[in-house]
Student: 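Sharing a structure with you now.
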Amino acid sequence: MALLTISLTGQARARSEYGQRFEEEIALLFDAWRTGLLRYLLSSGLSIEDGEEVVQEVFLALFQHFVGDKPRGNLRGWAFRVAHNLGLKRRLAMSRRMEVSIHPDIETHIDSALNPEEQAAAAQRQTHLASLGRALPEQDRCCLALRAEGLRYREIAEVLGMSLGSVSASLARSLRRLARGEKG
């Protein structure tokens with residue numbers, strides 16, 4: 001019995017050390033990915049409060065992923081996929097209509113080195129681009145938002161469950177629409 005107790009105590013200590021290491025790693029990833037995940041969730045129509053909750057759920061799922069000793073390939077893409085799915089569930093549960101809104105507390109700012117006239121023009125351009133973005137179909141908005149967060153086409157395809165060709169076509173179509181809207 002004493003041997004079993006020592007063995008169990010050793011396993012508990014090892015789990016605790018792994019848990020602490022996982023917590024530290026997740027804290028670093030949280031700092032690196034939080035803003036991008038939240039920005040993506042907000043672009044999909046979630047409120048800032050719902051977005052924050054979903055981000056917390058993503059990192060809880062990541063901790064469970066680590067503890068379960070699951071594969072660590074492309075964790076960033078995995079996190080965006082989990083955020084996407086949880087965001088969809090949240091929107092369905094709240095039965096809201098899909099709507100993109102600009103949230104001032106998420107890195108939308110005008111360069112203060114510009115003179116007031118240039119700042120006003122930049123703000124007007126941002127507002128115009130936001131309205132053009134809201135006019136895009138949901139899938140195109142999602143592709144564009146994920147690309148803006150730095151995900152590669154293959155990662156976007158995995159997150160949204162699309163083919164690589166569909167991602168490419170969606171992004172090309174969206175960029176054409178945005179470019180036409182900017183000229184007009």
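Quick caveat: nothing in here was measured; it's all calculated off a predicted structure.
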Student: From T35 OG1 over to F30 CZ, what is the distance, rounded to the nearest 0.5 angstrom?
Tutor: 8.5 Å

Student: Within a strict 4.5 Å, meaning less than it, do heavy atoms of the H84 and L146 side chains meet?
Tutor: no

Student: Quick one: does R90's side chain get under 4.5 Å of L86's, heavy atoms only?
Tutor: no

Student: Examine distances only and state if a side-chain atom of R147 and a backbone atom of L151 form a donor-acceptor pair shorter than 3.5 Å.
Tutor: yes

Student: Is there side-chain contact between M162 and C143, with heavy atoms separated by less than 4.5 Å?
Tutor: yes

Student: Rounded to the nearest 0.5 Å, what separates atom CZ in F80 from atom SG in C142?
Tutor: 12.0 Å

Student: Would a distance-only check, ignoring hydrogens and angles, find a side-chain to backbone donor-acceptor pair under 3.5 Å from S43 to Y40?
Tutor: yes

Student: When rounded to the nearest 0.5 angstrom, what distance separates OG in S44 from CG in D50?
Tutor: 10.0 Å

Student: Quick check: do L37 and F59 have side-chain heavy atoms less than 4.5 Å from each other?
Tutor: yes

Student: Using every non-hydrogen atom in the two residues, find where L136 and R141 come nearest and quote the distance to one decimal.
Tutor: O-NH1, 2.6 Å

Student: With side chains defined as the heavy atoms from C-beta onward, is the minimum distance between E149 and R76 less than 4.5 Å?
Tutor: yes

Student: Dump the intermediate steps for side-chain contact (heavy atoms from CB on, under 4.5 Å) on V58 and W33, then the final yes or no.
Tutor: CA-CA 11 Å; V58 167; W33 298 344; over 6 Å; no

Student: Might you work through the side-chain contact (heavy atoms from CB on, under 4.5 Å) test for E53 and Q56, ending with a clear yes or no?
Tutor: CA-CA 5 Å; E53 286 185 33; Q56 293 294 325; 5.6 Å; no

Student: Is there a side-chain contact between L75 and F66, using heavy atoms and a 4.5 Å cut-off?
Tutor: yes

Student: Transitively linked via ILVMFWY side-chain contacts under 4.5 Å: V67 with I26?
Tutor: yes

Student: Rounded to the nearest 0.5 Å, what separates atom CG in L175 from atom CG in L144?
Tutor: 6.0 Å

Student: What's the separation between atom CG in L62 and atom CD in E57, rounded to the nearest 0.5 Å?
Tutor: 13.5 Å

Student: Nearest 0.5 Å, please: how far is CD in E138 from CG in D140?
Tutor: 10.0 Å

Student: Counting N and O atoms only, with roles assigned by atom type, does the side chain of S174 sit under 3.5 Å from a partner on the main chain of S170, one being a donor and the other an acceptor?
Tutor: yes

Student: Are R34 and E52 ion-paired here, with the side-chain N under 4.0 Å from a carboxylate O?
Tutor: yes

Student: Nearest heavy-atom pair of V82 and A61: which atoms, and what distance?
Tutor: CG1-CB, 4.3 Å

Student: Grouping I, L, V, M, F, W and Y whenever their side-chain heavy atoms are under 4.5 Å apart, do L164 and W78 come out in a common cluster?
Tutor: yes

Student: Salt bridge or not for R72 and E25, using N-O below 4.0 Å?
Tutor: yes

